[in-house]
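Comments concern the structure below.
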Amino acid sequence: MDDSISIKTENLGRIYKKEGGVLEALKNININVNRGEIFGLLGPNGAGKTTLIKILTTLLLPSSGKAYVLGYDVETETLKIREKINMVSGGEWAGYGILTVRENLWMFSQFYGIPTKKAKREIDKYLEIFGLEEDANTKISKLSTGMRQKMNIIRGILSNPEVLFLDEPTLGLDVQIARTVRSFIKVWMKEKEGRTILLTTHYLNEADELCNRIAIIDNGEIHALDTPQGLKKILKNKIMYSVELERESYLNLKELPYTTKFTVNPLKDGKIEVKFQIQDENKIVDIFNYLKNNGFNLVSFRKREPTLEDVFIEIVGKEFKEDE
Amino acid sequence: MNKEYIIRNLKAILGRAYPRVIAANREYSWIIADIILPLLSVIAYGTLYKFLGASKDFLGFAVLGGAMSAFWLNVLWDMASQLYWEKMSGNLQLYILSPISLVSILLGMSIGGMLATSLRAAATLIVGTFIFKLDFSLINITQLLLVFFLTLAALYGLGMMLASLYLIWGREAWHLSEFFQEPVYLVSGMYFPVKFLGKVGFFSSLIPLTVGLDGLRQLLFKEGATFGFLSVNIEILILIILTVIYALLAIYYLKKMEYLARKEGKLTIRWE
């Protein structure tokens, strides 16, 4: 395998046996992740992101096809892969509540053979970076979700992995902590050349901010793979609007003439935000008139740049729902 | 297997033993569960033996049984059921992901469990000795140490094997711990010489506690040999065989568990 490639899959597939049939979680996945890049897997829950990560981290066997991490086969060369990777999942509750933050991190460092002196030095360094130094001797059962996730990230990087798998690392975190985690990921990547991150997320902004390339995955299939800018170019000829409307509470907007890919998001105070694409910009006045005639009062409108959400809708043909 | 891999696994054993040892110093509920409760049984048996006019050594048999019961409870609840709890907390997938053998994780649990439980067993023994003013007759210290450590090795080997089996069998297997707990007290002769059970003793010799306790009683009390089930040397041989069998089965089932986890994708996912 080419040395510049960290992760490679060839027609990778995975099925789960279920009562009354099988669930095809991954279908013929072909990806190459380059060394030194943050590669994003973007898709809703159940899209197959975690299954793919579990195969690449040797926790799950593929049902068909092949997968390689740093040139090693995930089925047969597990130890060689495990020596060079680590994984952090969102909402992870690993460790022992009776141990302190520092003790838990030391324990996990021992599984990678890190000498105690070095481990303690590194732990202190990262605790300071994440602002956890004052909680170093707190039992982890007393930590908040955000603090615990910071500890999990430290656990994941203590072994200095060549490839780090981040499975929804900011899941359920408040905005500030999620921002801290994202900032750290960027710094960590720059700290040493050749590190690779495979990040799964269903936060579109996170993928946009962090990833060099993104694969859009849904129903076990990769629908598109490109840089965030490249993906947005798919929509370069589309005219996009976002309008804010006031309405009577019983009114629902089920259709909007002259538009495609329209989505409705509820806002505060009973307002709604409607996003849509149009082919002919001259029709915008007709659209506003239609809204007014159907009981919707225009509060504001703006022409907007495409987001990854629009790309997802364009490619997959459905709205990106986090709770899907 | 290179030197680096061996060192890493030794460190992993130490790392995983640590929470077990630390827990003994931070959680004091064990004083009730592992000292006071066994002592209540010991006192009940001791009172009965006194009433029946049994020799003082019988009180010693009961106290020793009470002390060793701490190891049985530790194996049953903190070894056999442990991988299930590790799965639920998400630790199991991190263990599998680590570049070490899962055997090291279970060995770490065992060693940590043995150390912490030894403290508890010793406390029961000391308090029991004080209450009943026991007389010990040290017959052969080498054999005594051999029987004690082989009993622990075989017992924790059994625990390591059950840990994988419980996980493979599913959550219902957890109820097996409840099912096994009390009958093992009876068939292993926890509070009385197993000789009184006759042929049942041969079957219950598959439980390392049975022959281990019998051997310890023979080597610690004057009348121990009179009520001994088998000769101490045969019991040492049985314990060696049990240690080897349970250790090999533990390794086999651990590998099988990891294979099933990777094949079916169920065992490492906490909600499956």
Side-chain angles (χ1 to χ4, degrees), chain A residues 14-17 23 25 50-51 53-63 74-75 78-100 103-116 119 139-141 148 152 155-156 159 161 165 167, chain B residues 1-30 82 85-102 104-105 108-109 112 116 258-272:
Chain A
R14 171 73 207 190
I15 55 166
Y16 291 106
K17 281 181 188 161
L23 170 74
T50 299
T51 298
I53 273 211
K54 281 192 183 289
I55 290 174
L56 296 173
T57 52
T58 74
L59 289 171
L60 201 60
L61 289 168
S63 304
V74 296
E75 285 183 70
T78 52
L79 182 63
K80 285 176 180 162
I81 293 173
R82 289 170 186 176
E83 283 173 351
K84 293 171 190 292
I85 65 164
N86 217 319
M87 178 178 77
V88 178
S89 306
E92 186 182 303
W93 285 94
Y96 297 98
I98 192 118
L99 298 185
T100 65
E103 286 169 338
N104 264 296
L105 290 169
W106 171 81
M107 183 190 76
F108 281 110
S109 76
Q110 297 310 288
F111 303 154
Y112 291 82
I114 303 171
T116 292
K139 284 184 194 173
I140 63 165
S141 54
R148 190 123 183 188
N152 292 334
R155 177 195 59 68
S159 60
F165 293 88
D167 190 9
Chain B
M1 217 188 298
N2 61 29
K3 191 179 157 194
E4 199 185 330
Y5 182 71
I6 294 167
I7 291 172
R8 199 189 302 143
N9 277 280
L10 289 173
K11 281 175 170 290
I13 292 170
L14 183 70
R16 186 56 192 86
Y18 184 75
R20 285 278 157 102
V21 178
I22 281 297
N25 295 325
R26 292 192 184 154
E27 290 272 353
Y28 295 107
S29 56
W30 62 269
Q82 190 64 31
W85 293 115
E86 301 286 14
K87 170 192 163 184
M88 297 305 283
S89 65
N91 284 330
L92 184 60
Q93 69 169 12
L94 295 180
Y95 291 152
I96 295 177
L97 188 77
S98 306
I100 47 168
S101 164
L102 277 179
S104 302
I105 295 294
M109 277 186 212
E258 186 181 344
Y259 173 73
L260 285 176
R262 296 183 70 211
K263 185 171 171 256
E264 295 175 3
K266 285 182 179 174
L267 299 181
T268 53
I269 301 169
R270 58 185 173 202
W271 50 84
E272 290 281 352

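Proteins get letters first, then strands, A, B, ... in listed order; numbering begins at 1 in each.
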Subject >> Contacting moiety of Glu4(B), where chain A heavy atoms sit under 4.5 Å >> reply: neither
Original post:
If you tally heavy-atom pairs under 4.5 Å against chain B, which of Lys139(A), Lys84(A), Lys80(A), Arg155(A) wins?
Top reply: Arg155(A)
Subject >> Leu10(B) versus chain A, the contacting section by heavy-atom distance below 4.5 Å >> reply: neither
Subject >> From OG1 (Thr58(A)) to CD (Gln93(B)), nearest 0.5 Å >> reply: 10.5 Å
Original post:
Hey, what do you get for CG (Asn91(B)) to CE (Met107(A)), rounding to the nearest 0.5 Å?
Top reply: 6.0 Å
Original post:
Going from CD1 on Ile100(B) to CZ on Arg82(A), what distance comes out if it is rounded to the nearest 0.5 angstrom?
Top reply: 9.5 Å
Original post:
With a 4.5 angstrom heavy-atom cut-off, which part of Leu97(B) approaches chain A: side chain, backbone, both or neither?
Top reply: both
**OP:** Please flag which part of Ser159(A) lies under 4.5 Å from any non-hydrogen atom of chain B: side chain, backbone, both or neither.
**Re:** neither
**OP:** Supply the atom-to-atom distance Ser89(B) OG to Glu92(A) CD, rounded to the nearest 0.5 angstrom.
**Re:** 9.5 Å
**OP:** Can you sort out the partners of Thr116(A) under side chain to side chain donor-acceptor pair (under 3.5 Å), two or more places apart, ordered by chain and number?
**Re:** Trp106(A)
**OP:** Indicate the atoms forming the closest heavy-atom contact of Leu60(A) with Ala261(B), along with that distance.
**Re:** CD1-O, 4.1 Å
**OP:** Against chain B, label Ile85(A) side chain, backbone, both or neither, depending on which of its atoms sit under 4.5 Å from a heavy atom there.
**Re:** side chain
Subject >> Distance, nearest 0.5 Å, that separates CG of Leu94(B) from CZ of Phe111(A) >> reply: 9.0 Å
**OP:** Could you tell me which portion of Val74(A) (side chain, backbone, both or neither) has an atom closer than 4.5 angstrom to a non-hydrogen atom of chain B?
**Re:** backbone
**OP:** Looking only at non-hydrogen atoms, find the nearest pair between Arg262(B) and Arg14(A) and report the distance.
**Re:** O-NH1, 3.6 Å
**OP:** Quick one: pull up NZ in Lys263(B) and CG in Leu61(A) and give me the separation to the nearest 0.5 Å.
**Re:** 9.0 Å
Original post:
Of the listed residues (Gly113(A), Pro115(A), Pro62(A), Ser109(A)), which shares the most heavy-atom pairs with chain B below a 4.5 Å separation?
Top reply: Gly113(A)
Original post:
Which residues pass the side chain to side chain donor-acceptor pair (under 3.5 Å) test with Tyr18(B), sequence neighbours left out?
Top reply: Glu103(A)
Original post:
Between Leu79(A) and Arg8(B), what is the shortest heavy-atom contact and its length?
Top reply: CD1-NH1, 4.2 Å
Subject >> Contacting region of Thr78(A) [heavy-atom separation from chain B under 4.5 Å] >> reply: side chain
**OP:** Verify whether one side chain among Tyr96(A) and Arg16(B) offers a donor that lies under 3.5 Å from an acceptor in the other.
**Re:** yes
